[in-house]
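Below you'll find the structure, written out as structure tokens, and then a few comments.
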Amino acid sequence: MGKAWTDIRKIGGRLKMYLLPRPQQEEWYGECYTIRYNGCIVTEETGGVDCYPYMKMLQEEVEEDTGIRLKLRQGSSKKADITLRIDALTEPEGYTLTVSQKGIWMSAGGRAGMIYGIQTLRQIIRQGGACIPCLKISDYPCFPVRGLFYDVTRGRIPTLDYLKKLADHMVFYKMNQLQLYIEHSFLFENLSEVWCDDTPLMAEDILELDRYCRGRGIELVPAIASFGHLYKILRTKSFRHLCEMPELAEKPFGFVDRMNHHTLDVSNPDSLYFIKGLMEEYMELFSSHKFNICADETFDLGKGRSRKLAKEKGVHRLYVDFIKELCTFLKEHNRQPMFWGDIISECPELLKELPEGTICLSWGYGADESGESVRRIAAAGAVQYCCPGVSGWNQLVNQIDVSYQNIKRMCHYARECGAAGILNTDWGDFGHVNHPDFGITGMIYGAAFSWGSEVPEYEELNRQISFLEFRDRSERIVSIIEKISRTWIFKWHDAVNFMEGHGGVKDSAELSGLPEAVKGLEACARELYSILPELDSAGKACVPPYLMAIDGMILLQKLGALVSAREHCYAPLLPIKAADLAVELEEWIHEYKEEWRRTSRESELFRIGNVVCWYADYLRQEG
């Protein structure tokens with residue numbers, strides 16, 4: 001074959017391709033099988049599984065990458081290029097893929113194995129086109145649950161079309177659980193006061209997404225805030241009486257305030273009644289029998305209306321009694337409860353009081369995460385998922401290096417402690433300012449580490465993702481993206497904190513690297529422009545959002561220089577006039593809004609605009 005982006009690579013004299021996640025066992029040979037223009041995809045034994053949706057998925061991949069539209073048949077055919085069958089002797093989630101010079105055969109243990117085997121074959125076809133290398137792959141996942149938790153409540157609510165695209169990404173990398181985090185962004189009945197100024201998800205959206213995910217072997221699990229993080233609900237006139245510290249409802253909106261406060265008052269019986277009502281309405285929309293009550297970061301518990309009760313019983317007792325009520329309620333409705341483990345990891349002996357089978361979600365997002373909470377939960381005998389993160393919160397571009405180290409560590413702890421699954425997280429703190437596609441690389445890290453124990457090292461994995469996901473012949477795009485988040489100094493959260501009065505701006509010593517930061521970001525932009533010829537059309541479409549984010553980061557560096565100079569009375573570190581920067585910020589936020597609306601509902605876009613416009617006004621002030 002001639003040199004092209006779909007080339008099969010020769011590694012150690014063998015024909016081999018990039019496959020993510022990496023299969024458990026693989027053998028590659030020197031010959032190829034060529035898919036015929038008039039051939040078929042055939043299912044032999046189905047074992048009661050409806051294989052048609054997966055045959056269609058494979059048919060579409062072949063047509064997209066070769067131009068050949070294979071016919072679909074069931075039973076047998078002499079023109080079979082690809083033969084699929086269900087084999088009861090194979091592990092349910094496992095599959096075997098064999099390619100010889102006579103054809104392609106895939107045997108799966110069940111519906112899940114069929115889906116996963118087809119993804120491997122799709123990845124091979126995406127790289128090799130009609131020429132498929134002879135091989136034998138035997139594969140199965142290490143963890144039964146390999147999920148993604150996606151925040152759709154604190155700034156960005158993706159469109160239904162985008163959420164379907166996310167599910168397509170997930171199945172391509174063999175992930176099988178999706179949770180959408182809801183605080184206030186669902187159209188609950190009788191909560192019009194909460195969502196009337198928003199663009200919430202509706203019951204029809206959930207029903208359609210649930211059906212779409214099921215068709216791809218993905219379990220859509222309901223997840224709603226039920227204890228802490230009820231900012232918008234507990235600030236309303238109708239429901240602030242349920243707030244632990246209702247006086248906070250009078251404060252103006254703040255990104256920081258939203259993260260730190262607004263916990264339910266457990267001393268009020270109406271709190272329990274209210275949350276159960278939301279859960280009962282929401283659970284009926286899902287085919288899943290799991291339910292995530294979240295219940296994390298209850299920072300205010302015992303500090304306000306429940307202070308007296310907390311002195312009598314202790315804060316941890318208040319916490320576990322409340323979530324025990326919710327978990328028991330779910331068990332009565334034939335649902336398996338799960339919740340975030342940050343509070344209960346401080347007193348893991350209380351886990352035994354929760355209903356059997358309750359899943360504790362052990363999270364930690366640092367590059368150097370210790371895993372102590374995972375070990376404490378394991379020692380208590382609880383069922384747990386380990387939950388790393390894609391490190392995009394508070395970022396205009398995700399911290400790729402941090403996410404890799406964090407996911408690698410948390411998946412290691414999961415194996416060490418016998419966790420039941422991996423739930424990778426994509427949070428939206430401070431407005432979810434990063435483009436939703438920016439979490440895909442971290443999502444793939446999670447898929448790779450949760451599937452098998454053999455994962456390429458960082459640089460090699462980034463090359464493979466560049467080629468397979470971004471269609472980048474140069475295999476460099478992820479390494480360029482990785483540099484972006486390490487280059488800025490004055491960051492989005494710095495701007496928000498100063499605007500909201502949570503500390504002063506950094507001084508000249510702390511910001512001395514701003515000129516180099518601007519040069520570094522400009523260099524990243526040049527590199528992205530330079531590799532555009534190496535990308536196909538889908539890959540090219542991924543680049544403009546990164547370029548726009550880089551422009552925003554450069555403007556933030558200039559903003560940091562001017563704000564610091566004004567607040568600390570020294571000459572700016574960067575040569576720019578305040579009035580000129582104000583105009584540039586306003587022009588940038590206009591472009592940002594256009595990009596946002598391509599993937600997301602309006603939601604809280606205005607809050608991000610408010611920050612930018614506040615600084616434009618600040619820059620135009622005298623003094």
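All values reported here derive from a predicted model rather than from experimental measurement.
Sorted by first and then second residue, the pairs that involve residues 282-311 and meet salt bridge (Lys or Arg N to Asp or Glu O under 4.0 Å), not counting sequence neighbours, are E219-K290. Residue pairs meeting the salt bridge (Lys or Arg N to Asp or Glu O under 4.0 Å) criterion with at least one partner in residues 226-236, sequence neighbours excluded, are D197-K232, D198-K232. For residues 445-455, the side-chain hydrogen bond (donor to acceptor under 3.5 Å, both in side chains) pairs, not counting sequence neighbours, are D139-W451, Y445-N462. Residue pairs meeting the side-chain hydrogen bond (donor to acceptor under 3.5 Å, both in side chains) criterion with at least one member in residues 326-340, sequence neighbours excluded: E280-H333.
When all heavy atoms of G302 and A310 are compared, the pair lying nearest together is CA-CB, 3.7 Å. Annotation for G442 and N424: closest pair O-ND2, 3.1 Å, computed over non-hydrogen atoms. When all heavy atoms are compared, the tightest approach of P21 to A448 is CB-CA, 3.9 Å. Shortest non-hydrogen contact noted between G304 and M245 is CA-CG, 4.1 Å. Looking at every heavy atom in both residues, V390 comes nearest to G439 through CG1-O, 3.9 Å. In terms of heavy atoms, S226 sits closest to L326 at OG-CD1, 3.6 Å.
Salt-bridge check for R409 with E369: failed, with every basic side-chain N at 4.0 Å or more from each acidic carboxylate O. One finds a salt bridge joining E602 and R597 here, because a Lys/Arg side-chain nitrogen approaches an Asp/Glu carboxylate oxygen to under 4.0 Å. Salt-bridge annotation for D168 and K164: absent, with no side-chain N of the basic residue lying under 4.0 Å from a carboxylate O of the acidic one. Using a cut-off of 4.0 Å between Lys/Arg side-chain N and Asp/Glu carboxylate O, E325 and K276 are scored as salt-bridged.
Stacking of R126 on the aromatic ring of F172 is recorded, both the 6.0 Å distance cut-off and the 45° axial limit being met. Remark: R216 qualifies as a cation-pi partner of Y212 under the 6.0 Å distance and 45° angle criteria applied to the six-membered ring. A cation-pi geometry, defined here as NZ or CZ lying under 6.0 Å from the six-membered ring centre and within 45° of its normal, holds between R607 and F253.
Distance check, rounded to the nearest 0.5 Å: CH2 of W596 to CZ of R156 gives 4.5 Å.
Without hydrogens or angle criteria, K352 side chain to E349 main chain gives a donor-acceptor distance under 3.5 Å. Formation of a donor-acceptor pair under 3.5 Å by the D205 side chain with backbone atoms of M202 is found in this model. With hydrogens and angles disregarded, no donor-acceptor distance shorter than 3.5 Å links the side chain of T236 to the backbone of V194. A donor-acceptor pair under 3.5 Å is formed between the side chain of T358 and the backbone N or O of P355. Between the side chain of T199 and the backbone N or O of S603 there is at least one donor-acceptor pair closer than 3.5 Å. Proximity of a side-chain donor or acceptor of N406 to a complementary backbone N or O of G389 within less than 3.5 Å is detected.
With hydrogens and angles left out, the side-chain atoms of T120 and Y95 include a donor and acceptor closer than 3.5 Å.
Shown here are the side chain to side chain contact (heavy atoms under 4.5 Å, CB included) partners of D87, two or more places apart in sequence or in another chain: R85, L89, T90, S107. Listed by chain and number, the residues in a side-chain hydrogen bond (donor to acceptor under 3.5 Å, both in side chains) with Y140 amount to none (sequence neighbours excluded).
Here the two rings, on Y319 and F227, have centers that are under 6.0 Å apart. Aromatic rings of W427 and F149 (six-membered ring for Trp) have centroids within the 6.0 Å cut-off, being under it. For H432 and Y150, the gap between ring centers is short of 6.0 Å.
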Between E61 and Q59, is a side-chain hydrogen bond (donor to acceptor under 3.5 Å, both in side chains) present by the stated rule, with each step listed?
-> CA-CA 6 Å; E61 187 74 48; Q59 181 191 51; over 6 Å; no
